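These notes concern the structure reproduced below.
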Amino acid sequence: MIVKDREKTSDISKGLVLLMATVCGFTVANVYLNQTLLVSMSASFHVSAASIGIIATLAQIGYALGNLLIVPLGDIFERKKLILFLLFAICIVLALNALSINKTWMLVTSLALGIVTVVPQIIVPLAANIASGHNRGKVLGNVAIGLVCGILGARLVSGFIDVHFGWRMVYWTSAVATLFIILLVYVYFPKSKGANAPSYKHLIMSLGPLFIKERALQQACVSQGMMFASFSAFWTTLVFLLDTDPYFYGSDMVGVIGLVGIAGAFATPIIGRLIDTKGAKFASLLCMSISLLAFIGLIRGGYWLPGLILGALLITIGTQANQVACQFTSFQLGEEKRSRLNGLYMVSTFLGGSLGSYVGLLAWSKWEWHGVCAIAILMIAISFCSLIPISIPKKTIGNFMNKKGSNT
């Protein structure tokens, strides 16, 4: 009961925000560990690098499934217990990854790892519940730093460990780190209980009607889905651009350019404060504008290394900051359903990312870099359009219903 009052009246401490960001970073990194290990895995299992590439895809698919099927449980169960349960599951699956004896084993465990790694998407609604209304945007922005750093840091750290100790040690190291994270969560995380739903079936069945009912959620899903699509189109095709004139770099240069994203991550608290003062819609429009200008500049500037690096930074800032703005918008729709709202939101984000990667590759194959920039600009334009209010006058609906009634 005390915890419930605390949620309503108290501000979240800076130490707890830092811990939440850290837990988010360490856990989300598990989805991306495999991206630098595929060559080593292919050698261990005696399969081609192209054949084992599906491991990375399955981890992403698992993460999307976890957002759809597990994240909504935060509206039924006490969130701290749910987080601890998932962290223990992550430890077990990481160990199974490290013990893999063939490709099939690795495919199954990678899918499972993606499913249980949705801890960050349970922490984010928890942080939103604890934070007071006047600084919720700032808190979400600070927690988002951990997510971005975890995604970027995963590739860097896993590559280093793989070179010196082998790919299996990457998973063992992450498993040990997760045990330490479990201890911190157990000691310092507050309890926070969502509104009880009658059953898990009822909870999952409510997702469709919830999405249909909430116009603001639809706008947030389309907005960030398209922004993440443009982001994915850029990073998926960047390796091809760097392999051509005037660069002729190796794939390792993609990781170096990706480091600028860490600087972009620290823009999210600024956007969070802007949300608290100017509103989420204003912040979202600003983020879209940043990404749009970046891609317009990259049409020509992409062939100049400083211009490419600046474009990568601005795209990361725009995409990650827009995620905070859209998340804030969806969380305003009700505390008792924030886990379901966040699950739906993240599923749409990852679907957008998958679409962006696929369409980006098609654009590159036909029109190369100019085609990638053009398709990304189109995606951002759709994101802009998602915020245009569309309303049907009640009189029109009434006339339609009366006409339908008279026909029957």
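All residue numbers in this chain count up from 1 along the given sequence. Owing to the predicted nature of the structure, the values given are computational and were not obtained by experimental measurement.
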- request: Kindly indicate, with the supporting measurements, whether the criterion side chain to side chain contact (heavy atoms under 4.5 Å, CB included) is fulfilled by Leu86 and Ile70.
  value: CA-CA 10 Å; Leu86 289 173; Ile70 295 179; 4.0 Å; yes
task: Step by step, work out the side chain to side chain contact (heavy atoms under 4.5 Å, CB included) result for Leu68 and Met346.
output: CA-CA 8 Å; Leu68 184 65; Met346 292 308 299; over 6 Å; no
query: Should Ser330 and Asn342 be marked as a side-chain hydrogen bond (donor to acceptor under 3.5 Å, both in side chains) after you check the CA-CA gap, both sets of side-chain angles, and the distance that decides it?
result: CA-CA 7 Å; Ser330 63; Asn342 197 47; 5.6 Å; no
message: Quick one, Phe384 with Leu285, criterion side chain to side chain contact (heavy atoms under 4.5 Å, CB included). Give me CA distance, side-chain angles, the key distance, then yes/no.
response: CA-CA 7 Å; Phe384 269 110; Leu285 288 170; 3.8 Å; yes
task: With side chain to side chain contact (heavy atoms under 4.5 Å, CB included) as the test, would you mind laying out the steps for Leu19 and Val23 before giving the verdict?
output: CA-CA 6 Å; Leu19 177 57; Val23 176; 4.0 Å; yes
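Between Cys326 and Tyr345, the shortest heavy-atom contact is CB-OH, 3.4 Å. Residues Val222 and Ser386 approach most closely at CG1-CB, 3.5 Å, considering heavy atoms. Residue Gly360 comes nearest to Thr237 through the heavy atom pair O-CG2, 3.4 Å, listed as atom of the first residue, atom of the second, then distance. Of all the heavy atoms in Met288 and Ile380, the pair that sits closest is O-CG2, 3.7 Å. Pro72 and Leu69 get closest at one heavy-atom pair: CD-C, 4.0 Å. For Leu147 against Pro120, the heavy-atom pair with the smallest separation is CD2-CB, 3.4 Å.
Cation-pi geometry between Lys81 and Phe189 is not met at under 6.0 angstrom from the ring centre and within 45 degrees of the axis.
In this structure, CG on Leu140 lies 10.5 Å from CE on Met20, to the nearest 0.5 angstrom. Leu314 contributes atom CG, which lies 11.5 Å from atom CG of Leu292 (distance to the nearest 0.5 angstrom). From Trp304, atom CH2 reaches atom CG of Leu298 across 11.5 Å, with rounding to the nearest 0.5 Å. Distance check: Arg79 CZ to Ile130 CD1 gives 9.0 Å after rounding to the nearest 0.5 Å. For the atom pair CG (Leu310) and CG (Leu313), the distance works out to 6.5 Å, reported to the nearest 0.5 Å. If you take CG on Leu126 and CG on Leu16, they are separated by 7.5 Å, rounding to the nearest 0.5 Å.
Asn322 places no side-chain N or O within 3.5 Å of a backbone atom of Cys287 that could act as its donor or acceptor partner. Within the 3.5 Å criterion, the main-chain N or O of Pro125 finds no donor-acceptor partner in the side chain of Arg338. In terms of modelled atom types and a separation under 3.5 Å, the side chain of Ser110 and the main chain of Met106 share a donor-acceptor contact. Looking at Ser284, its side chain never comes within 3.5 Å of a backbone N or O of Ala280 through a donor-acceptor pair. Side-chain N or O atoms of Gln218 include one that pairs as donor or acceptor with a backbone N or O of Phe211 at under 3.5 Å. When atom types are taken as modelled, the side chain of Gln224 and the backbone of Gln219 share no donor-acceptor pair closer than 3.5 angstrom. Between the Ser206 side chain and the Leu203 main chain, a donor and an acceptor come within less than 3.5 Å of each other.
Counting only heavy atoms from C-beta outward, the side chains of Ser291 and Met227 approach each other to under 4.5 Å. Looking only at side-chain heavy atoms (C-beta outward), Arg340 and Leu210 come within less than 4.5 Å of each other. Residues Thr27 and Thr178 are not in side-chain contact: their nearest non-hydrogen atoms beyond the backbone lie 4.5 Å or more apart. Here the side chains of Asn67 and Tyr63 are in contact, with some heavy-atom distance below 4.5 Å. Side-chain contact check for Thr173 versus Phe165: every heavy-atom pair is 4.5 Å or farther apart. Side-chain atoms of Met41 and Arg168, non-hydrogen and from C-beta on, never get closer than 4.5 Å to each other. For the pair Cys24/Val143, a side-chain contact is recorded, criterion being any heavy-atom separation below 4.5 Å from C-beta on. Between Leu378 and Ile375, the closest side-chain pair of non-hydrogen atoms falls below 4.5 Å.
Summarising the local packing, OH of Tyr188 is surrounded by 12 or fewer heavy atoms from other residues, nucleotides or ligands at distances under 6.0 Å. Annotation: Phe26, atom CZ; neighbour count of heavy atoms from other residues, nucleotides and ligands within 6.0 Å does not exceed 12.
With sequence neighbours excluded, the residues that form a side-chain hydrogen bond (donor to acceptor under 3.5 Å, both in side chains) with Ser44 are Trp167.
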Donor-acceptor contacts under 3.5 Å from residues 90-104 side chains, at least two apart:
{"from": "Asn97", "atom 1": "OD1", "to": "Thr109", "atom 2": "OG1", "distance (Å)": "3.4"}
{"from": "Asn97", "atom 1": "ND2", "to": "Val93", "atom 2": "O", "distance (Å)": "2.8"}
{"from": "Ser100", "atom 1": "OG", "to": "Leu96", "atom 2": "O", "distance (Å)": "3.3"}
{"from": "Ser100", "atom 1": "OG", "to": "Asn97", "atom 2": "O", "distance (Å)": "2.9"}
{"from": "Asn102", "atom 1": "OD1", "to": "Thr104", "atom 2": "N", "distance (Å)": "3.3"}
{"from": "Asn102", "atom 1": "OD1", "to": "Trp105", "atom 2": "N", "distance (Å)": "2.8"}
{"from": "Lys103", "atom 1": "NZ", "to": "Ser51", "atom 2": "O", "distance (Å)": "3.4"}
{"from": "Lys103", "atom 1": "NZ", "to": "Ser51", "atom 2": "OG", "distance (Å)": "2.5"}

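Electrostatic pairing of Glu214 and Lys337 counts as a salt bridge here, judged by a charged N lying under 4.0 Å from a carboxylate O.
The aromatic ring centres of Phe231 and Phe228 sit less than 6.0 Å apart.
Considering Val116, Ile83, Ile182 as possible partners of Phe88, the one that fulfils the side-chain contact (heavy atoms from CB on, under 4.5 Å) test is Ile182.
Judged as a side-chain hydrogen bond (donor to acceptor under 3.5 Å, both in side chains), the pairs with a partner in residues 361-385 (not counting sequence neighbours) are, in order, Ser223-Ser383.
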